[in-house]
Amino acid sequence: MRMADIRIETERLILRRFEENDMEAIYLLFSDKEVNTFLPWYPVRDMDETKIFFEKHLKNKKYCFTICLKDDDYPIGYVHAEEDDSHDFGYALRKEYWHQGIVTEAGNAVIELLKENGIPYITATHDKTIPGAGLL
């Protein structure tokens with residue numbers, strides 16, 4: 001199976017590639033200032049910026065998956081690991097889905113894929129001034 005075709009299912013989630021028809025969901029996720037507070041970019045302001053963001057940061061990335069609930073396959077977040085030697089792990093999730101273990105479930109599935117592909121480690125950063133930061 002090609003990496004581009006990978007679709008991971010967990011108990012509650014579908015992890016798949018972002019697609020062109022996900023622009024509305026991408027905008028909802030990456031336009032929220034609170035969700036994007038600690039991400040390495042500024043929130044998108046409109047659909048034009050959303051399309052540019054998709055092309056630059058989400059499209060055709062080997063270990064970048066949108067997080068969807070099985071109920072509707074609609075993106076509510078993402079999880080990824082960089083392809084470079086850092087294998088830097090990151091994620092974002094819409095606020096209304098925080099504190100439900102969704103990123104933990106998605107992150108564990110992606111980490112298993114990384115292990116299967118021979119990736120020996122991941123790195124991650126967090127802001128130590130935020131209570132609970134860095135915890136999946």
Side-chain angles (χ1 to χ4, degrees):
M1 177 179 285
R2 296 177 325 133
M3 283 299 294
D5 297 330
I6 289 183
R7 180 179 169 101
I8 302 169
E9 293 196 25
T10 67
E11 184 178 330
R12 299 178 292 168
L13 308 173
I14 295 170
L15 306 177
R16 61 169 175 79
R17 302 289 180 213
F18 280 99
E19 301 167 352
E20 299 277 343
N21 61 354
D22 291 329
M23 287 304 152
E24 176 187 53
I26 294 168
Y27 176 77
L28 289 174
L29 180 64
F30 291 103
S31 65
D32 186 305
K33 289 181 177 136
E34 192 173 359
V35 168
N36 288 272
T37 299
F38 299 102
L39 297 179
W41 44 69
Y42 294 106
V44 296
R45 294 177 288 197
D46 55 38
M47 287 307 286
D48 289 335
E49 285 187 7
T50 301
K51 290 174 186 170
I52 292 167
F53 186 88
F54 168 75
E55 291 291 330
K56 185 175 181 182
H57 297 288
L58 304 175
K59 186 177 180 183
N60 299 322
K61 300 288 184 178
K62 188 172 185 178
Y63 297 112
C64 181
F65 298 93
T66 181
I67 300 170
C68 304
L69 297 177
K70 279 187 174 178
D71 296 345
D72 60 11
D73 196 26
Y74 187 82
I76 60 169
Y78 87 107
V79 63
H80 85 284
E82 293 291 341
E83 295 174 51
D84 63 17
D85 288 342
S86 74
H87 307 296
D88 192 48
F89 184 85
Y91 63 89
L93 189 67
R94 287 187 19 215
K95 286 185 297 202
E96 59 266 37
Y97 298 99
W98 290 2
H99 309 293
Q100 297 177 35
I102 290 171
V103 171
T104 300
E105 190 173 327
N108 285 337
V110 170
I111 289 168
E112 285 304 312
L113 175 65
L114 294 169
K115 287 179 185 177
E116 290 171 15
N117 288 334
I119 305 299
Y121 62 88
I122 60 172
T123 62
T125 58
H126 69 279
D127 186 332
K128 68 181 185 174
T129 64
I130 306 299
L135 302 177
L136 289 179

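Note that these values count all heavy atoms, side chains included, but never hydrogens, waters or copies made by symmetry.
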Distance in Å, T104 OG1 paired with Y91 OH, rounded so as to fall on 0.5 Å steps: 8.0 Å
Under 3.5 Å: donor-acceptor pair, side chain of D22, backbone of E19: yes
E24 atom CD, over 12 foreign heavy atoms within 6.0 Å: no
Donor-acceptor contact below 3.5 Å, side chain E105 vs main chain T10: no
Reported OH-to-CD distance for the pair Y63 and E82, which is rounded to 0.5 angstrom: 12.5 Å
Inter-residue atom distance F18.CZ - E55.CD, 0.5 Å rounding: 13.0 Å
Single-linkage hydrophobic cluster, 4.5 Å side-chain cutoff, W41 and V35 together: yes
Close side-chain approach of D32 to R94, heavy-atom, < 4.5 Å: no
Joint hydrophobic cluster, I67 plus L39, side-chain heavy atoms closer than 4.5 Å: yes
Where T66 and G77 come nearest, the two heavy atoms and their spacing: OG1-O, 3.2 Å
Test: E11 and K70 ion pair at under 4.0 Å: no
K59 backbone acceptor or donor facing R17 side chain under 3.5 Å: no
Shared hydrophobic cluster, Y74 / M47 (ILVMFWY, side-chain heavy atoms < 4.5 Å): no
Distance (rounded to the nearest 0.5 Å) between W98 CH2 and E34 CD: 4.0 Å
Aromatic plane relationship, Y121 with H87 - under 30° parallel, 30 to 60° tilted, over 60° perpendicular: perpendicular
Backbone N/O of D48 and side chain of D46: donor-acceptor pair under 3.5 Å: yes
Pi-cation contact, F65 with R16 (under 6.0 Å, within 45°): no
Cluster link I6 to F89, ILVMFWY, side chain under 4.5 Å: yes
From CG (L58) to CZ (F53), nearest 0.5 Å: 5.0 Å
Heavy-atom side-chain proximity of T50 to F30 below 4.5 angstrom: no
Value rounded to 0.5 Å, distance of OG1 in T123 from CG in D88: 4.0 Å
Heavy-atom side-chain contact between I76 and L93 under 4.5 Å: yes
D72, CG atom: more than 12 neighbouring heavy atoms under 6.0 Å: yes
Hydrophobic cluster identity match, I8 and I14, side-chain contacts under 4.5 Å: no
Option passing side-chain contact (heavy atoms from CB on, under 4.5 Å) with I119 (candidates I111, L114, L113): L114
